[in-house]
Participant: 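Here it is: the structure, laid out below.
As the structure lists them, so they are numbered: ligands from 1, and atoms in each ligand from 1. Nothing here was measured: the structure is a model prediction, and the numbers come from that model.
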Amino acid sequence: NSLPLAFHPERIIRPLDPTRYKASRNSMATDFKSIPLIDIGPLVSKWDDPNIEQDEHVAEVVRQLDKACRQAGFFYVKGHGIPDSLIKDVREITRTFFSLPYEEKVKIKLSPGTGYRGYQYVGENITKGVPDMHEAIDCYREVEPGMYGELGKTMEGSNKWPSNPPEFRNMMEEYITRCTDLSRKIMRGLALALGGSADEFERRGAGDPFWVFRIIGYPVLPNGSSADMLESDIGCGAHTDYGLLTLVNQDDNITALQVRNHSGEWISAVPIPGTFVCNIGDMLKILTNGIYESTLHRVINKSSKYRVCVAYFYETNYDAAVVPMDACVNKTGGVKKFGEAVYGEHLVSKVTTNFVI
Ligand SMILES: N=C(N)NCCCC[C@H](N)C(=O)O
Ligand SMILES: O=C(O)CCC(=O)C(=O)O
Ligand SMILES: [Fe+2]
């Protein structure tokens with residue numbers, strides 16, 4: 001049929017070669033000064049409707065998503081259907097966990113042996129060689145031994161959940177399920193925006209999405225309120241996300257997440273209660289041949305309060321070989337800007353260099 005070729009449909013296993021993926025240096029992000037807020041209600045209610053392409057309300061959502069992804073690579077969503085109580089409870093239970101003594105938290109310590117799953121202390125995650133001022137629990141879709149052959153070895157393991165607070169695991173797993181469903185719906189909107197059929201991504205390389213989940217805490221810093229920030233005060237250094245779409249659940253009342261526009265200005269993603277901050281990852285940048293940008297962002301908690309953020313990352317299948325979609329290549333002058341990237345290789349190249357452990 002005439003659908004744009006988004007992914008190689010076969011499951012391709014390749015030897016590890018982290019140098020093969022090269023991020024593009026020329027950012028497409030424009031000089032946006034703020035991040036748009038989109039009510040995705042119509043998409044959330046019609047996502048599975050076979051006549052979705054005829055719905056004018058969905059079409060308006062799709063138009064706004066497309067504009068936001070072209071201009072900023074970042075947007076807020078409301079009307080997403082995830083209960084506000086769950087969104088808040090997830091942050092509160094995170095706060096409770098991080099307030100426990102170190103000895104308690106380190107019981108679920110992250111290590112290569114756990115497939116890089118578990119708890120990392122402040123300063124153990126590094127971005128571009130500099131330690132980040134955050135602590136976190138990292139979780140990934142679980143990988144059984146042999147599941148992806150050699151390509152999957154590094155990420156083999158099951159998640160490490162704390163036994164205290166006791167309801168932590170159940171609540172987070174419920175939340176992950178809901179974030180996966182929501183991401184699929186938003187990706188359907190983006191598939192339509194790019195001229196494909198709604199389930200394009202699911203059928204071509206994201207049918208078994210490799211999700212990533214980070215439960216993060218940013219401590220109050222000694223130099224917090226001073227004007228002269230030190231490099232060592234950065235909560236999370238400038239980076240792009242790795243996959244397709246990120247859903248950020250951030251604390252209300254603390255402005256800390258910053259997004260870089262084309263001129264190099266840092267635009268704050270000021271919290272809007274009840275919304276998610278969404279952003280595009282590296283795999284979607286490749287798929288769209290750069291029409292959508294995986295925008296650089298960073299976190300600096302200058303406030304006098306401990307900041308909590310729970311980030312869900314919706315990614316392609318682990319073994320997806322990602323190439324620019326034909327429809328997008330045609331829209332951008334017919335030249336492919338990126339070679340093929342195997343998502344699992346991209347993830348492994350990040351994970352194995354992200355930690356001082
Ligand atoms: N799974 C994702 N996207 N995690 C984002 C973490 C970004 C910081 C990491 N040290 C880095 O340098 O990538
Ligand atoms: O803390 C935040 O607001 C965002 C964190 C982030 O960018 C990440 O973990 O990839
Ligand atoms: Fe990020």
Participant: Hey, which atoms in ligand 1 end up nearer than 4.0 Å to a heavy atom of Thr127?
Facilitator: 8 (C), 9 (C), 10 (N), 11 (C), 12 (O)
Participant: Under a 3.5 Å threshold, yes or no: a donor from one side chain and an acceptor from the other, between Asn301 and His134?
Facilitator: no
Participant: Which atoms of ligand 2 are found less than 4.0 Å from any heavy atom of Ile216?
Facilitator: 9 (O)
Participant: Report yes if some N/O of Asn125 lies less than 3.5 Å from some N/O of ligand 1; otherwise report no.
Facilitator: yes
Participant: Specify the protein heavy atom at minimum distance from atom 1 (O) of ligand 2: its residue, its atom name, and the distance to 0.1 Å.
Facilitator: Tyr218 OH, 2.7 Å
Participant: Heavy-atom contacts with His239 under 4.0 Å: which atoms of ligand 1 show up? List them by number with element.
Facilitator: 5 (C), 7 (C)
Participant: In terms of side-chain geometry, is the basic nitrogen of Arg214 or Asp138 positioned less than 4.0 Å from the acidic oxygen of its partner?
Facilitator: yes
Participant: Taking only heavy atoms of Phe313 into account, list the atoms of ligand 2 that are under 4.0 Å away from them.
Facilitator: 8 (C), 9 (O), 10 (O)
Participant: In the protein, what heavy atom is nearest to atom 6 (C) of ligand 1, and what distance, to one decimal place, separates them?
Facilitator: Arg214 NH1, 3.7 Å
Participant: Over all heavy atoms of both residues, which pair between Tyr76 and Ser268 is shortest? Give the atoms and the distance, please.
Facilitator: OH-O, 4.5 Å
Participant: Using a 4.0 Å heavy-atom cut-off, say whether Val277 meets ligand 2 through its side chain, its backbone, both or neither.
Facilitator: neither
Participant: Closer than 4.0 Å to some heavy atom of Arg214 - which atoms of ligand 2 meet that?
Facilitator: 9 (O)
Participant: Is it the case that the ring center of Tyr102 lies less than 6.0 angstrom away from the ring center of Tyr121?
Facilitator: yes
Participant: Can you see whether Tyr306 engages Asp251 through a side-chain donor-acceptor pair at a distance of less than 3.5 angstrom?
Facilitator: no
Participant: Would you say Lys67 has more than 12 foreign heavy atoms packed within less than 6.0 Å of its NZ?
Facilitator: no
Participant: Taking atom CD as the centre, does Glu167 end up with more than 12 heavy-atom neighbours from other residues, nucleotides or ligands that are less than 6.0 angstrom away?
Facilitator: yes
Participant: Give the contacting part of Thr246 toward ligand 2: side chain, backbone, both or neither, where contact means a heavy-atom distance below 4.0 Å.
Facilitator: neither
Participant: Provide the number and element of each atom of ligand 2 under 4.0 Å from a heavy atom of Asp241.
Facilitator: 10 (O)
Participant: Determine whether a donor-acceptor pair (N or O, by modelled atom type, separation under 3.5 Å) exists between the side chain of Tyr242 and the backbone of Tyr343.
Facilitator: no
Participant: May I ask you to check whether Phe168 and Phe97 place their ring centres under 6.0 Å from each other?
Facilitator: yes
Participant: Quick check on the Fe ion (ligand 3): does Cys236 put an N/O/S atom closer than 2.8 Å to it?
Facilitator: no
Participant: How open is the angle at the Fe ion (ligand 3) from atom NE2 of His297 over to atom NE2 of His239, rounded to 10 degrees?
Facilitator: 90°
Participant: Looking only at protein heavy atoms, which one is nearest to atom 13 (O) of ligand 1, and what is the separation?
Facilitator: Tyr242 OH, 2.5 Å
Participant: So if I count the atoms of ligand 2 from 1 in the order they appear, which ones are less than 4.0 Å from some heavy atom of His297?
Facilitator: 7 (O)
Participant: Would you mind checking which non-hydrogen protein atom is closest to atom 4 (C) of ligand 2, with the distance to 0.1 Å?
Facilitator: Val299 CG2, 3.7 Å
Participant: Checking a contact table here: which protein heavy atom is nearest atom 8 (C) of ligand 2, and how many Å away?
Facilitator: His239 NE2, 3.6 Å
Participant: Using the rule given for side chain to side chain donor-acceptor pair (under 3.5 Å), can you reason through Arg169 versus Ser163, listing the C-alpha separation, both sets of side-chain angles and the distance that settles it, and then say yes or no?
Facilitator: CA-CA 8 Å; Arg169 175 181 182 161; Ser163 48; over 6 Å; no
Participant: Using a strict cut-off of 4.0 Å, indicate which atoms of ligand 1 neighbour a heavy atom of Ile126.
Facilitator: 10 (N), 12 (O)
Participant: Determine whether Phe201 and Arg184 make a side-chain contact, defined as any pair of heavy atoms from C-beta on separated by less than 4.5 Å.
Facilitator: no
Participant: Quick one: sort the Phe210 and Tyr318 rings into parallel, tilted or perpendicular, breaks at 30° and 60°.
Facilitator: tilted
Participant: Does Arg298 reach ligand 2, in the sense of a heavy atom lying below 4.0 Å from it?
Facilitator: no
Participant: Identify, by name, the N, O or S atom of Asp241 lying closest to the Fe ion (ligand 3).
Facilitator: OD1
Participant: Please say whether Lys350 places an N or O atom under 3.5 Å from an N or O atom belonging to ligand 1.
Facilitator: no
Participant: Could you tell me whether the side chain of Lys105 reaches within less than 4.5 Å of the side chain of Glu135, counting heavy atoms only?
Facilitator: yes
Participant: Please determine, by modelled atom types, if Gln250 and Arg91 share a side-chain donor-acceptor pair under 3.5 angstrom.
Facilitator: no
Participant: Checking a contact table here: which protein heavy atom is nearest atom 3 (O) of ligand 2, and how many Å away?
Facilitator: Arg307 NH2, 2.8 Å
Participant: Can you tell which part of Thr246 has a heavy atom less than 4.0 Å from ligand 1: side chain, backbone, both or neither?
Facilitator: neither
Participant: Using the rule side chain to side chain donor-acceptor pair (under 3.5 Å), only one of Thr353, Asp132, Asn354 pairs with Thr127; which is it?
Facilitator: Asp132
Participant: What about Gln250: any of its N or O atoms under 3.5 Å from an N or O on ligand 2?
Facilitator: no
Participant: Does ligand 2 have any atom sitting under 4.0 Å from a heavy atom of His134?
Facilitator: no
Participant: For ligand 1, which atoms have a heavy atom of Asn354 less than 4.0 angstrom away?
Facilitator: 9 (C), 10 (N), 11 (C), 12 (O), 13 (O)
